[in-house]
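Side chains included, hydrogens not; waters and symmetry mates left out as well; all remaining heavy atoms used. Atoms within each ligand, like the ligands themselves, are counted from 1 in listed order.
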Amino acid sequence: MKLLFEKSVPGRRCTILPPCDVEAVELPEGLARAETPALPELCETDISRHYSQLCRQVHGVNCGFYPLGSCTMKYNPRIDEEMAALPGFTNIHPLAPKHTVQGCQAVLDTAKAYLCEITGMADMTFQPAAGAHGEFTGVLLIKQYHEARGDHRRTKIIVPDSAHGTNPATAAMCGYQVVNIPSAQDGCVDLDALKAVLGPDTAGLMLTNPNTVGIFDENILEITRLVHEAGGLCYYDGANLNAVMGVVRPGDMGFDCIHLNLHKTFATPHGGGGPGAGAVGCKDFLIPYLPKSVTQDGPGSKQVRSFTGNFLVVVWALAYLMTLGRGGIPEAARNAVLNANYLMEKIKGTFSPAFDRICMHEFVLDLSAFKKETGVSALDVAKSLIDYGMHPPTMYFPLIVHEALMLEPTETESRETLDWAAEVFRKLYDLAHTDPDWMHGAPHNTQIGRPDEVRAARNPVLRYTP
Ligand SMILES: *Cc1c(COP(=O)(O)O)cnc(C)c1O
């Protein structure tokens, strides 16, 4: 598709402004541009069609099914967006006098109270801008806790091999040595492997529960007890809270410190790099180490981001919490789990789950046997789904499953959509046996099919050069 710059026709205009009726004034010497900027010249129809075409070429949750595992691409109710767009929330300045922004303060306080209640934490900061940023902040709390006690021997953070890549990256960024432990056969923490690495040098453990293969680790109380016994602290990666919110609390599982991805679990549109919020909660003994915000009284101590973070994302989350209410939050979690199990059962006859047992809000398919048999890879299946109007699942994650496809349907999909999705998977399964070449060449109906993903991520071309 051509860019607006390439569609430009010299002299073409949008005639929406009345003729200028004030005298033109020459700019003083030196202030004017030497050359006119190379702006596209187009009429309103061209522009409107250009953006409508662009809109048809992306896949969002408003276009169709989006089972991107671990990312919780649920439908985000419009009312939350309307709340976050209220002028009282958008037209404020972070240094506005306190008495003029009491409503905003009430939003932060109420959201904090609800989220502390849901997670079993004593306090929370909304400063971090994303999950990874929240992890970084949370692990720094753990570090400061040990240092404040003069316990300088604790140099290691334990991370299971199934963890999201941000977990070991965070531990390393905080100056810790990362100790990887292998998962047990069922994808959960191997207790013996954990015991073998615990010791006086353990600063803590980072864990998500349900874990990245969509299974709730039933040994969680024993796991957190063992870490505490060794003098370490337990960090909860809350990216998977959608499966358990309002049902069980990380605080009760024994975690000391957590982050939430408000943009995942609490319904802010995400993907494409939009604003997020990685709220960090902690038990009371860690409160002294939480970042403090800039206020009118001056800069806060230990800030990780300016002011109170992405405030509007918190408004969004609070609107979501208040619309669902005390009954709706656990119901959403239960429906997310129900939908995942329903879809897994329907797909099971063709593609095989990596762990054939009741899952939580997501499940992982293992396509290694299927690939051996047909030559069609998980990547080929993911790319073929695009031609059927479905966003691909997460691919090749977690690393402990080879040829992995990870599906998270979320609670906001109907039974009809799940039936359709299972049907598409069945069709592709058959197609792999009859026309594998079609799948090797997919997607066939998109602008680009198989970009060099590493280059696209490392050297994106984001600027038009005429
Ligand atoms: C998404 C995710 C993260 C990181 O969150 P971001 O907001 O993308 O930085 C961490 N852990 C898990 C399990 C996740 O799914």
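- Enumerated by chain and number, the residues approaching ligand 1 to less than 4.0 Å through a heavy atom are Ser70, Ala130, Gly131, Ala132, Glu135, His164, Thr166, Asp237, Ala239, Asn261, His263, Lys264.
- Side-chain contact between Thr394 and Glu408: absent, with no pair of heavy atoms (C-beta onward) separated by less than 4.5 Å.
- In summary, of the residues considered (Phe65, Tyr66, Tyr388), a ring-ring contact (aromatic ring centres under 6.0 Å, His included) with His59 occurs for Tyr66 alone.
- With sequence neighbours left out, Asn310 forms a side-chain contact (heavy atoms from CB on, under 4.5 Å) with Ala129, Pro275, Arg305, Val313.
- Pairs of residues two or more places apart, or lying in two chains, that qualify as ring-ring contact (aromatic ring centres under 6.0 Å, His included) and include a residue from residues 326-367 are Phe351-Phe370, Phe351-Phe425, Phe351-Tyr429.
- A salt bridge is absent between Glu331 and Arg334; no separation between the charged side-chain nitrogens and carboxylate oxygens falls under 4.0 Å.
- Applying the salt bridge (charged side-chain N to carboxylate O under 4.0 Å, His left out) criterion to Asp419, with sequence neighbours excluded, gives Lys346.
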